[in-house]
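All of these numbers come straight from a predicted model, not from anything done at the bench. We're numbering straight along the sequence, starting at 1.
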Amino acid sequence: AALPSRYQSLRLFGLARNVLVVDEVHAYDPYMLTLLQNLLQFHAALGGSAILLSATLPCRMRMELARSFAEGLGVGSIQPEKNDYPLLTHVFQSGIEEFGIPASEGRRISQAVALVTDERQVLEFILQASEKGQCVCWIRNTVHDALLAYELLQSRLSPHLLMLFHARFAMGDRLGREEKVCSFFGKSSTSELRKAKVLVATQVVEQSLDLDFDLLISDLAPIDLLIQRAGRLHHHPRDPSGNPLTGRNAMDLREPVPFLIHSPLPSDNADADWYESTFPKGSYVYPSHGQLWLTARLLAERGGWRMPEDARLLVEAVYSREEEEKIPIALLNRDDEEAAKRSANRSLAHLNKLKLEEGYMATTNQWLEDTRTPTRLGELQTTLRLGRWDGAQLTPWFPEGDFPWEMSQVSVRATAIQGEDPPTDERLRNAMDQLRERLPDRGKWSVLVPLTENATGIWQGIARGPGGEAVTVQYDTTTGLQFSRQGG
């Protein structure tokens, strides 16, 4: 709605009659944040209202968003000043109002935090808790690391006690797995369902799902995400055995436990590879390692937090410009490249966006199709459609429901898989061609991967990487999708 794409004005027109609600607004990268600010300006100018929600919004970002909406209203310069938490900031035609909101007693918590440097010790904590009958979650920062942890625990735990959950499952399997996770660890789960179970997961459990664990472990991540993750520890009142307690004033009766963070120690002379040496894959997910160092240092010094009193302090101690001076020079130098990328992305957003004051005119992107308008940057994704090939018929991996091929989709990095492998089997080639004719998009926006079951019971197929190289694709309902370059 704020980019030069087809039907842009229609989108704005439809939006103007509604309240724009944006949740988890702190999670936007510089590119998307700039576009969101632009959208707020357009929406306010058209008389619309917006509600922005966040539990961990830095003051600087709150100021930028408030000023963007004020510009659309034609309000002069505004200056948010209050630092209460929780805080309601109201921007309207007459200026700005800020209201500190007292937290209810039930939302006041104290949480101890402990850093664990050795992965073997993490595994021991998990096993000890499971032996006591407690349910545990280990949140890993990448699918790769989640798979490794799952494999390590497989030899130590009974299969019915261990579960893996990440985003690389076919949609139908993922929804089923999500339902199972919620039944085991959700608000209504009983001690019988939860007892001794261990979940290895990625960020899919970080937000939205209402889960509750007896012990929670997380790989080191930025402070705002750790605060989000901590909400899954003793989230609902339960008795010592883990059964839910009801009633407005019900209090959790489980023994308090620390939130464990798997992290390298934040030494003052940390090297450039301080984080990468422990999390080689995760270093690409959270590229600002200086902020990660500030997070680890803050938690090591404080040993926990009190909410909501410490919420503002925790976020600003990592994201304010003043704190950057405390980052070790090796990490600062390493993060310079990342800072340059963020600045470039912000500049690109300014170049791409429509300018309210300029009206409709020729633009750099010349009103592109929806599919080519860059609404977000970051790593491109390839959508795979998984099928079962028995030598005669090509059927969807997930055959149930009204949209079986949509439920058989899974996304992977475009740098890993980019295209289909042309089949040599004429029957398979004809089956793939016939299927494309029946798909709503004629298969234009996805890669079809036929899977066959080998002698060991593994479903396997071939796709092509960005350079045309063959990529082996394996899939099962327990571990999801895995891939590897042939010969690599």
Item checked: Residue pair Gln418 / Val447, side-chain heavy-atom distance below 4.5 Å -> no
Item checked: Rounded distance (nearest 0.5 Å) linking atom CZ of Arg385 with atom CG of Leu394 -> 12.0 Å
Margin query: Can you confirm whether Asp390 is buried at CG, in the sense that more than 12 heavy atoms of other residues, nucleotides or ligands lie under 6.0 Å from that atom?
Written below: yes
Item checked: Leu40 vs Val22 side-chain heavy atoms within contact, under 4.5 Å -> no
Notebook entry, point to check: Hey, are the side chains of Leu211 and His235 touching, using non-hydrogen atoms and a 4.5 Å cut-off?
Noted result: no
Item checked: Side chain proximity check, Leu33 to Gln37, heavy atoms < 4.5 angstrom -> yes
Margin query: Return the CG to SG distance between Asp210 and Cys182, rounded to the nearest 0.5 Å.
Written below: 8.0 Å
Next item on the list: Measure the shortest side-chain to side-chain distance between Leu36 and Leu65 over non-hydrogen atoms and say whether it is less than 4.5 angstrom.
Entry: yes
Let me check something: any side-chain donor-acceptor pairs from residues 146-163 under 3.5 Å, sequence neighbours excluded? List them with distances.
from: Ser155; atom 1: OG; to: Leu152; atom 2: O; distance (Å): 3.4
from: Arg156; atom 1: NH2; to: Glu124; atom 2: OE2; distance (Å): 3.2

Check: Is the backbone N or O of Leu220 less than 3.5 Å from a side-chain atom of Asn141, with the two atoms forming a donor-acceptor pair by type?
Finding: yes
Note to self: Here's a test for you: under ring pair (Phe, Tyr, Trp, His ring centres under 6.0 Å), which of Phe398, Trp397, Phe483 qualifies with Tyr475?
What the structure shows: Trp397
Margin query: Checking side-chain contact (heavy atoms from CB on, under 4.5 Å) between Cys137 and each of Phe185, Phe165, Phe213, which is the one that passes?
Written below: Phe213
Check: Within a strict 4.5 Å, meaning less than it, do heavy atoms of the Glu324 and Asp335 side chains meet?
Finding: no
Check: How close do Ser218 and Arg229 get, heavy atom to heavy atom, and via which atoms?
Finding: OG-NH1, 2.8 Å
Notebook entry, point to check: Between Thr479 and Gln482, what is the shortest heavy-atom contact and its length?
Noted result: OG1-NE2, 3.5 Å
Item checked: Check: Arg60 side chain, Tyr319 main-chain N or O, donor-acceptor pair, under 3.5 Å -> yes
Next item on the list: Apply the test side chain to side chain contact (heavy atoms under 4.5 Å, CB included) to residues Glu400 and Met407: give CA-CA distance (whole Å), side-chain angles for both, the deciding distance (0.1 Å), then the verdict.
Entry: CA-CA 8 Å; Glu400 303 170 16; Met407 290 293 102; over 6 Å; no
Check: At what distance, to the nearest 0.5 angstrom, does CD of Glu469 lie from CZ of Arg485?
Finding: 4.5 Å
Check: Under 3.5 Å, side chain of Arg297 to main-chain N/O of Asp268, donor-acceptor pair present?
Finding: no
Margin query: Closer than 3.5 angstrom, by distance alone: can the side chain of Arg174 be matched with the main-chain N or O of Phe169 as a donor-acceptor pair?
Written below: no
Next item on the list: Find the distance between NZ (Lys326) and CG (Leu294) and round it off to the nearest 0.5 Å.
Entry: 8.0 Å
Notebook entry, point to check: What distance do Ile223 atom CD1 and Leu292 atom CG have between them, rounded to the nearest 0.5 Å?
Noted result: 10.5 Å
Next item on the list: Using a strict 4.0 Å threshold on nitrogen-to-oxygen distance, state whether Arg140 and Glu119 make a salt bridge.
Entry: yes
Check: Does any N or O in the side chain of Asp273 come within less than 3.5 Å of the main-chain N or O of Ser277, such that one atom is a donor and the other an acceptor?
Finding: no
Next item on the list: Please step through salt bridge (charged side-chain N to carboxylate O under 4.0 Å, His left out) for the pair Arg62 and Glu316, ending with a clear verdict.
Entry: CA-CA 12 Å; Arg62 173 169 61 103; Glu316 296 305 319; over 6 Å; no
Check: Who are the side chain to side chain donor-acceptor pair (under 3.5 Å) partners of His234, not counting sequence neighbours?
Finding: none
Check: Without hydrogens or angle criteria, can the side chains of His26 and Ser54 be said to hold a donor-acceptor pair below 3.5 Å?
Finding: yes
Margin query: Using only atom types and a distance under 3.5 Å, with no angle test, would you say the side chain of Ser183 pairs donor to acceptor with the backbone of Lys180?
Written below: yes
Notebook entry, point to check: What is the minimum heavy-atom distance between Ala230 and Trp305, and which atoms define it?
Noted result: CB-CZ2, 3.5 Å
Notebook entry, point to check: If you round to the nearest 0.5 Å, how far is CG of Asn269 from CG of Leu331?
Noted result: 10.5 Å
Next item on the list: Verify side chain to side chain contact (heavy atoms under 4.5 Å, CB included) between Arg442 and Glu437, making sure each step is shown before the conclusion.
Entry: CA-CA 5 Å; Arg442 301 292 192 269; Glu437 290 301 313; 3.9 Å; yes
Next item on the list: Take Asp219 and Lys281, measure what salt bridge (charged side-chain N to carboxylate O under 4.0 Å, His left out) needs, and give me the verdict at the end.
Entry: CA-CA 12 Å; Asp219 291 348; Lys281 300 290 186 180; over 6 Å; no
Checklist line | Note, Trp138 side chain near Leu123 side chain (heavy atom, < 4.5 Å) | finding: yes
Next item on the list: Any chance you could lay out the side chain to side chain contact (heavy atoms under 4.5 Å, CB included) test for Leu52 and Phe69, step after step, and finish with the verdict?
Entry: CA-CA 11 Å; Leu52 310 182; Phe69 194 82; over 6 Å; no
Checklist line | Check: Ala317 main-chain N/O paired with Glu322 side-chain donor or acceptor under 3.5 Å | finding: no
Checklist line | Evaluation steps, side chain to side chain contact (heavy atoms under 4.5 Å, CB included), between Tyr286 and Gln291 | finding: CA-CA 9 Å; Tyr286 304 118; Gln291 289 180 349; over 6 Å; no
Check: What closest approach, in Å, do Gln8 and Ala2 show between heavy atoms, and which atom pair accounts for it?
Finding: CG-N, 4.5 Å
Notebook entry, point to check: Does Asp271 use its side chain to pair, donor to acceptor, with the backbone of Trp274 at less than 3.5 Å?
Noted result: no
Check: Pro404 and Gly401: which non-hydrogen atoms are nearest, and at how many Å?
Finding: CD-O, 3.8 Å
Margin query: Quick check against the 3.5 Å criterion: does Arg302 have a side-chain atom that pairs as donor or acceptor with the backbone of Val113?
Written below: no
Next item on the list: Flag the pair Leu39 / Leu15 as yes when at least one side-chain heavy-atom distance between them is below 4.5 Å, and no otherwise.
Entry: yes
Check: Where do Val473 and Ala463 come nearest, in terms of heavy atoms and distance?
Finding: CG2-CB, 4.2 Å
